[in-house]
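Predicted model, so just to flag it, every value in this text is computed and none were measured. Convention: sequence-line order gives letters A, B, ...; per-chain numbering from 1.
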Number of protein chains: 2
Amino acid sequence: MFKHLANQSGLSLERLASLCEVAEAGSIGQASRGDVNKQSQLSRQIAELEAVFGVELLARQSRPFRLTAQGKELAQVSRQFFQSVDDLQKQAGGEAQRVVVGAGETLIQWLLFPACEAMQKQTTGIVFAFKNLDSARLVDGLQKGEVDFALIRKEEVPPSLMHAGDWLYSHVAFVPKALSRITTELKIEELARLPWAVLEGQGHFRQFLESKARAQGIKLNAALECSSYTQVAMAIQTGRYAGFLPAFAMDAAFAPGSAILQRQTEKGLRYERKLTLAWREATTRARPIVEKLIPAIRTQLGKIL
Amino acid sequence: MFKHLANQSGLSLERLASLCEVAEAGSIGQASRGDVNKQSQLSRQIAELEAVFGVELLARQSRPFRLTAQGKELAQVSRQFFQSVDDLQKQAGGEAQRVVVGAGETLIQWLLFPACEAMQKQTTGIVFAFKNLDSARLVDGLQKGEVDFALIRKEEVPPSLMHAGDWLYSHVAFVPKALSRITTELKIEELARLPWAVLEGQGHFRQFLESKARAQGIKLNAALECSSYTQVAMAIQTGRYAGFLPAFAMDAAFAPGSAILQRQTEKGLRYERKLTLAWREATTRARPIVEKLIPAIRTQLGKIL
DNA sequence: ATGTAGCATGATTACACAGTCATGTTCAAA
DNA sequence: TTTGAACATGACTGTGTAATCATGCTACAT
């Protein structure tokens, strides 16, 4: 049967696990993280695997070495196997299975976290792990099998991945009543009038706002630079700044009855995104639990969005 | 990462390969085939795996022991992994990948063999392995991953399996010119008049013929009992017997210009079957080569049927 | 050119494992 | 109840392997 494979000198679970580590880290060096012993192990073990398969698993043209296509393939096959075995073991031992959910920090905090919270009460035996990654890394993680599913912009999902759900949300303005009691749509002029807490740097939305302001011959009044939407929300909460947040932040970020007005922006300032839940089909095959969770997550997210 | 799994004492490729062997054979005893050493190994190794997973992999209620549901699951996960690794290794070494095709003996000889022959000329790097199994075993083999795809009756495909293609064929009469020069549809009366080479035993088609004859108050003239359709074809070739064969046997079984008349049967004697190509989705995921072959096989079979 | 990050290799140790043989246990059928 | 088939267990051996330390090599950056 498969004894010829299992018996082969140079092929072992440890070596395959090492390959997976290198695949995840990107290179031998990163996988060993300063541990010289580990470095020598990894180098040797991958060389031994190469001897077994008669193929280069590491591309040795430039340093640091990256995995070759065949190296990645073997790593993926192994990873899937380990994951399945791990699931079986946890299932048998009554332990909770780990499900890795990826998204941007904002989405995790205000969407995934509440949604998963609700699910954990119903379904026992699941541990969610949230990964805060940018969309490129999320897609990569999905394809490698390191992330089970991800909440990302629909446009970012490559055709090789599965996806379901279709949630539209827009950035809306949150203005403390202390600053303004207007409740109608937010006008562009107010970009200059109100003191805004904005994200530092060159984020998409920040650039969008600045260009809109410029087009009107005004300047965005960036009174506070924050490094995350959470900070923006905190700034708004103080009552001294207005800010833009995704609409779904209202319930999650502000206590009910707080003196904050949520205001839709006028048409010219609309900034909309379409989210979807993406995953890799192979993952659902190797991990039945992941497939089972998809409809549940969809309905939970649907309740919030 | 997965070091915690790979390091676990009691978990090894050999033990998993052993589990696969037992899964395939059905029990420890059958897997060891009289080798007492192997028996003790298998017993021990499965016990060690059980310790790792904390679950019974063998159902020890009645002997011989069968695998439990969890045992089967682990075996399947492992089998898939081994198969993928094996494919990678063969691909890397430029070796041919083995593709297991299952069907009844008749279908193998007169349909699959010619079809695969034609494909091997185009596609290099594939070795076909034919398995002659009854449909129950074929379905079982498909689900276990031991058979890559099978040509079986459409009605036999359970909903859990994929299938494609839809080939209708009927059993028709082959009559040597030496016995009769009639070329019209075969009448029931001829069942008694002509000397028939038939399959021994209680095959579906044999019973069908006998009941039709009885209904007409005549008796099937079974002049020769054969144990395979190949033998029936050989008998017909001698010129001394008539016989029923699947219509597609004409080209494959008889040399062109041989003195055999192929005759459709009259309506009351029609015996039709619908074939399809069945496979398991997980197999196509683990073995890309299998997925690639499906359309090729379909067109090749289409040419014959 | 030279340093250094990134990887390879040789040698050694301790251990887990597969393999083997002999014998024990359990269960089902005769 | 007996018998044999099916599986378990204890004891031992040789081997492959992970782990560790020391040192050597090679290519990229400065």
Side-chain angles (χ1 to χ4, degrees), chain A residues 1-53 55-68 71 78 82, chain B residues 1-53 55-68 71 78 82:
Chain A
M1 264 272 285
F2 291 121
K3 280 286 153 98
H4 63 104
L5 266 177
N7 276 325
Q8 239 166 91
S9 185
L11 192 63
S12 64
L13 288 176
E14 273 90 353
R15 281 181 261 239
L16 291 169
S18 293
L19 181 72
C20 288
E21 276 192 64
V22 174
E24 200 155 332
S27 72
I28 290 184
Q30 284 189 260
S32 21
R33 301 211 231 162
D35 183 334
V36 288
N37 281 332
K38 203 163 185 178
Q39 178 269 313
S40 88
Q41 271 272 68
L42 293 179
S43 166
R44 189 196 315 278
Q45 291 187 310
I46 290 184
E48 285 160 344
L49 284 177
E50 283 177 323
V52 169
F53 287 89
V55 184
E56 301 249 290
L57 299 174
L58 278 176
R60 294 175 160 76
Q61 286 76 35
S62 82
R63 297 187 181 208
F65 298 171
R66 306 282 166 195
L67 288 186
T68 62
S78 306
F82 281 126
Chain B
M1 263 272 287
F2 291 122
K3 280 286 153 96
H4 63 104
L5 266 177
N7 274 325
Q8 238 166 90
S9 186
L11 192 62
S12 65
L13 288 175
E14 274 89 353
R15 282 181 260 239
L16 291 170
S18 293
L19 182 71
C20 288
E21 276 192 63
V22 173
E24 201 155 330
S27 72
I28 290 184
Q30 284 188 262
S32 23
R33 297 209 237 157
D35 183 335
V36 288
N37 281 332
K38 203 161 185 179
Q39 178 269 313
S40 88
Q41 273 272 70
L42 294 178
S43 166
R44 188 195 317 278
Q45 291 187 310
I46 291 184
E48 284 160 344
L49 284 177
E50 284 177 323
V52 169
F53 288 88
V55 184
E56 301 248 290
L57 300 174
L58 279 175
R60 293 173 159 78
Q61 285 75 36
S62 83
R63 299 190 181 204
F65 297 172
R66 306 282 166 195
L67 289 186
T68 62
S78 306
F82 281 126

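Between A:A59 and A:T68, the closest heavy-atom pair is N-CG2, 3.5 Å.
Shown here are the side-chain hydrogen bond (donor to acceptor under 3.5 Å, both in side chains) partners of A:E50, two or more places apart in sequence or in another chain: A:R60. Checked against side chain to side chain contact (heavy atoms under 4.5 Å, CB included), B:E48 has the following partners two or more places apart in sequence or in another chain: B:R15, B:R44, B:Q45.
Atom NE2 of residue B:H4 and atom CZ of residue A:F82 lie 9.0 Å apart, to the nearest 0.5 angstrom. Here CD of B:E21 is found 10.5 Å from CD of B:Q41. Values are rounded to the nearest 0.5 Å. Atoms CG and CG, from A:L13 and B:L13 in turn, are 4.0 Å apart once rounded to the nearest 0.5 Å. In this structure, CD1 on A:I46 lies 7.0 Å from CG on A:L57, to the nearest 0.5 angstrom. Atom CD in A:E14 sits 14.0 Å away from atom CZ in B:F2 (nearest 0.5 Å). Taken to the nearest 0.5 Å, the OG atom of A:S12 stands 7.0 Å off from the CG atom of A:L49.
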Quiz prompt | Footprint string (nucleotides 20-30 of chain C, 5' to 3'): B base within contact, S backbone only, - free, heavy atoms under 4.0 Å | solution = BB----BSS--
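Recorded end-axis angle for the helix from C:dA1-D:dT30 to C:dA30-D:dT1 stands at 30°, based on five pairs per end and rounded to 10 degrees.
Annotation: side chain of B:V36 is not in contact with side chain of B:S40 (no heavy-atom distance under 4.5 Å). In this structure the side chain of B:L42 never reaches within 4.5 angstrom of the side chain of B:L19, judged on heavy atoms.
Reading DNA chain D from its 5' end, the first and the last nucleotide to sit under 4.0 Å from a heavy atom of chain B are D:dA6 to D:dA19.
In terms of position along DNA chain D, the nucleotide closest to B:L42 lies nearer the 5' end than the nucleotide closest to the other residue of the pair B:L42 and A:E48.
A:R66 places a side-chain N or O within donor-acceptor distance of the main-chain N or O of A:G26, the cut-off being under 3.5 Å.
Within residues 6-23 of chain B, the residues approaching DNA chain D are B:N7, by heavy-atom distance under 4.0 Å.
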